[in-house]
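The analysis underlying the following values was restricted to heavy atoms, covering all of them including side chains, and did not include hydrogens, waters or symmetry mates. Fair warning: this is a prediction, and the values are worked out from it, not measured in the lab.
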Amino acid sequence: MKLTGAKLFNAKAYANQLNIVSETTDNLNKTFDYEEGEVKLPVIDKELAAKLAQAKLDEYGAQYSIDIDNFTIISVERNGATELLRVTPLEYENVFVSMSRMDQGTIGYIEVNVVTQVAKLVKFDENDGLKYMPSGIFKYDLDRHIRKNYPSVLYNHKYFEIDNDGNPYWVIPTVKKEIGVFDGITPSGVLLVDPISGKIDKYKLGEQPSWVQRCVDERVMETQANNALSLKNGFWNRLFAKKEVFQLSDGYNYLLKDNATYYISCITSPNENDQTSIGFLIVNLKTKEAIRYSCPGITEMRAREIAMYDERVKAQALEATWPILVSYHGVPTYFVVLKNDVQFQKAVFINVDTGALVGMGTDITTAKIEYDNLLSNESIVQKENKEIKGVVTKLRDLGNVIEFMIDTVPNMYFSCDINLNLTARFLSVGEEVTITYNEYPTYNLVIEIKTE
């Protein structure tokens, strides 16, 4: 029976489980253009978010705990704006707490805004807590509850999400087997479990509510992706000739846009010493749509090394998060965060092509300004120069960058590298200046400044 699903006899079937569409860099620029402001980037990763969440337990730390492995990153729409959050439910600390509170449930969940770094404990009324949990017992054990209602449904992993109104749900991607008798697992749909009432709704893939962002088990998708990249020319080719045999890199990250979560990983060769990428695979975890973008360059691991060993931070021994791919001014770019054990330290932008252009700052804004200067100096991005005169009315120091306003264009900040010239370094309120600048969607980059 097992042989009927073996890759030796079903290489083509495995290779075709994930339909990968090939696109060019131009399409990447249209879809994931960070310059337009539609893509938001987190400044803290899961580990730092978990530390903030842990601090929010306060007096509840003896009864409840958080599971860092179940700390889902999602986007929610609130007050007309998109917020990027990591959310995690409070789990019972032990079986005795679970037994004593099984009819009341855990008190709620914690959300951490990964942009503003603000954590919040969302509490429910005494008898309206989260009852159906992985740490629940008897009828409140989440797996037992699902099996009781859907005994034949197959699933591997569970994700915790909230809708735009803050209502919690367990999102259970379901799977089915389509090769041989027992093999070829592929996504089939999703179960939504209300952890408060226990209500379960079942949906086919693509028919789920719009707020749900993870309908595809990413581990199943990874397996399918690696099969599609390595078995295209058959089983024996993967072992010996290795013609057009590729694989995903050792890690991945997420990019969130338009209420969907995108899995991103670069495509490389099976050679462990190869630090180059031939492109990227981006999969919509809501729809299973997979796109392969052809933009050769450095791998994510190489980008991490470049960020960590930059001369400006090398002595600090900071750790780099796994890079996120974005398009910035039409340039495929890695976004990396450098951190220590307790907090965010630096934001970094690195060009994918060679890794030679590294924009670094104490926040995303200052990192963007430095990266913009590098792109402009290399003539990779060219903007129309504009000139304006005025008297400096406001000034703020951001470290290696200053931001200031002038009286002729109130409420508009100009950003300038302090190393541009002596005028920039010693600029003060009240000085009359002539500015040459480039206009960007969220700020104006000064490329020349002089006093009158």
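Contact of the Asn259 side chain with the Gln213 side chain is registered, since non-hydrogen atoms from C-beta on lie closer than 4.5 Å. Residues Phe349 and Val358 are not in side-chain contact: their nearest non-hydrogen atoms beyond the backbone lie 4.5 Å or more apart. For the pair Pro89 and Leu130, the minimum side-chain heavy-atom distance is below 4.5 Å. The closest side-chain heavy-atom distance from Tyr34 to Ser327 is not below 4.5 Å. Counting heavy atoms from C-beta on, the side chains of Ile110 and Leu57 come closer than 4.5 Å. Looking only at side-chain heavy atoms (C-beta outward), Arg144 and Lys139 stay at 4.5 Å or farther from each other. Annotation: side chain of Tyr328 is not in contact with side chain of Phe32 (no heavy-atom distance under 4.5 Å). By the 4.5 Å heavy-atom criterion applied to side chains, Leu84 and Pro42 are counted as neighbours.
Between Arg304 and Pro323, the closest heavy-atom pair is CG-CD, 3.6 Å. Closest non-hydrogen pair, Val216 versus Leu205, comes out as CG2-CD1, 4.3 Å. The shortest non-hydrogen separation linking Pro187 to Val220 is CD-CG1, 3.9 Å. The two atoms that bring Asp33 and His329 nearest to each other are OD1-N, 4.4 Å, heavy atoms only. Shortest non-hydrogen contact noted between Glu370 and Gly359 is OE2-CA, 3.7 Å. Between Phe124 and Pro168 the shortest heavy-atom distance is CZ-CD, 3.7 Å.
Using modelled atom types, no side-chain atom of Gln208 and backbone atom of Cys215 make a donor-acceptor pair closer than 3.5 Å. In this structure, the side chain of Thr333 does not engage the main chain of Asn351 through any donor-acceptor pair within 3.5 Å. With Thr72 contributing its side chain and Phe160 its backbone, the two residues share a donor-acceptor pair below 3.5 Å. Under the 3.5 Å distance criterion, the side-chain polar atoms of Ser135 are left unmatched by any main-chain donor or acceptor of Glu91. A donor-acceptor contact shorter than 3.5 Å links the side chain of Arg86 to the backbone of Phe71. In terms of modelled atom types and a separation under 3.5 Å, the side chain of Asn167 and the main chain of Asp163 share no donor-acceptor contact. Within the 3.5 Å criterion, the main-chain N or O of Thr366 finds a donor-acceptor partner in the side chain of Asp363. Under the 3.5 Å distance criterion, the side-chain polar atoms of Asn377 are matched with a main-chain donor or acceptor of Asn373. Checked by atom type and distance alone, the side chain of Thr261 never pairs as donor or acceptor with a backbone atom of Leu285 at under 3.5 Å. The backbone N or O of Leu154 lies less than 3.5 Å from no partner atom in the side chain of Thr174, so there is not a single donor-acceptor pair.
The side chain to side chain contact (heavy atoms under 4.5 Å, CB included) with Val331 is formed by just one residue from the set Ile380, Val326, Val352; it is Ile380.
Pairs passing the salt bridge (Lys or Arg N to Asp or Glu O under 4.0 Å) check and including a residue from residues 186-196, sequence neighbours excluded, do not occur. Counting only residues at least two apart or on different chains, no salt bridge (Lys or Arg N to Asp or Glu O under 4.0 Å) pair has a member in residues 314-330. Residue pairs meeting the side chain to side chain donor-acceptor pair (under 3.5 Å) criterion with at least one partner in residues 222-239, sequence neighbours excluded, are Lys7-Asn227, Thr186-Gln224, Glu222-Tyr263, Gln224-Lys288, Ser230-Arg238, Lys232-Glu244.
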Go through it in stages, so that I can follow the logic: the residues are Val348 and Val337, the test is side-chain contact (heavy atoms from CB on, under 4.5 Å), and I'd like the CA-CA distance, side-chain angles, deciding distance and then a yes or no.
CA-CA 6 Å; Val348 188; Val337 166; over 6 Å; no
Given salt bridge (charged side-chain N to carboxylate O under 4.0 Å, His left out), test Lys40 with Glu83 step by step and report yes or no.
CA-CA 8 Å; Lys40 291 187 177 296; Glu83 294 186 18; over 6 Å; no
Test side-chain contact (heavy atoms from CB on, under 4.5 Å) on Val313 and Met360; report intermediate values, then the result.
CA-CA 10 Å; Val313 296; Met360 183 179 295; 3.7 Å; yes
Verify salt bridge (charged side-chain N to carboxylate O under 4.0 Å, His left out) between Asp69 and Lys46, making sure each step is shown before the conclusion.
CA-CA 9 Å; Asp69 293 329; Lys46 181 189 289 187; 5.1 Å; no
Run the numbers on Glu178 and Gln17 for side chain to side chain donor-acceptor pair (under 3.5 Å), then give the verdict.
CA-CA 9 Å; Glu178 60 180 8; Gln17 276 196 297; 2.9 Å; yes
Go through the steps to decide whether Val95 and Ile137 satisfy the test side-chain contact (heavy atoms from CB on, under 4.5 Å), and finish with yes or no.
CA-CA 8 Å; Val95 68; Ile137 60 173; 3.9 Å; yes
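Defined by atom type and a distance below 3.5 Å, a donor-acceptor pair is missing between the side-chain atoms of Tyr334 and Asn253. Side chains of Thr24 and Asn27: a donor on one and an acceptor on the other come within 3.5 Å. Using a 3.5 Å distance cut-off with no hydrogens or angles, the side chains of Ser249 and Thr268 do not pair a donor with an acceptor. No hydrogens or angles considered: a donor-acceptor pair under 3.5 Å links the side chains of Glu218 and Tyr254. Side chains of Gln104 and Glu126: no donor on one and acceptor on the other come within 3.5 Å.
Applying the ring pair (Phe, Tyr, Trp, His ring centres under 6.0 Å) rule to Tyr92 yields no partners; only residues at least two apart in sequence or on another chain are considered. For Tyr132, the side chain to side chain contact (heavy atoms under 4.5 Å, CB included) partners at least two apart in sequence or on another chain are Tyr140, Leu142, His145. Take Tyr159 and apply the ring pair (Phe, Tyr, Trp, His ring centres under 6.0 Å) test, not counting sequence neighbours, and it matches no residue. In this structure, the side chain to side chain donor-acceptor pair (under 3.5 Å) partners of Asp310, at least two apart in sequence or on a different chain, are Arg312. Thr31 is linked by a side chain to side chain donor-acceptor pair (under 3.5 Å) to nothing, counting only residues two or more places apart in sequence or in another chain. Checked against side chain to side chain donor-acceptor pair (under 3.5 Å), Thr82 has the following partners two or more places apart in sequence or in another chain: Glu77. By the salt bridge (charged side-chain N to carboxylate O under 4.0 Å, His left out) test, Glu311 pairs with no residue at all, sequence neighbours left out. Applying the side chain to side chain donor-acceptor pair (under 3.5 Å) rule to Tyr60 yields the partners Lys123; only residues at least two apart in sequence or on another chain are considered. Residues that satisfy the ring pair (Phe, Tyr, Trp, His ring centres under 6.0 Å) test with Trp322, not counting sequence neighbours, are absent from this structure.
A salt bridge links Asp45 with Lys339: the closest approach of a Lys/Arg side-chain nitrogen to an acidic carboxylate oxygen falls below 4.0 angstrom. Of the charged side-chain nitrogens involved, at least one lies within less than 4.0 Å of a carboxylate oxygen, so that Glu305 and Arg302 count as a salt-bridged pair.
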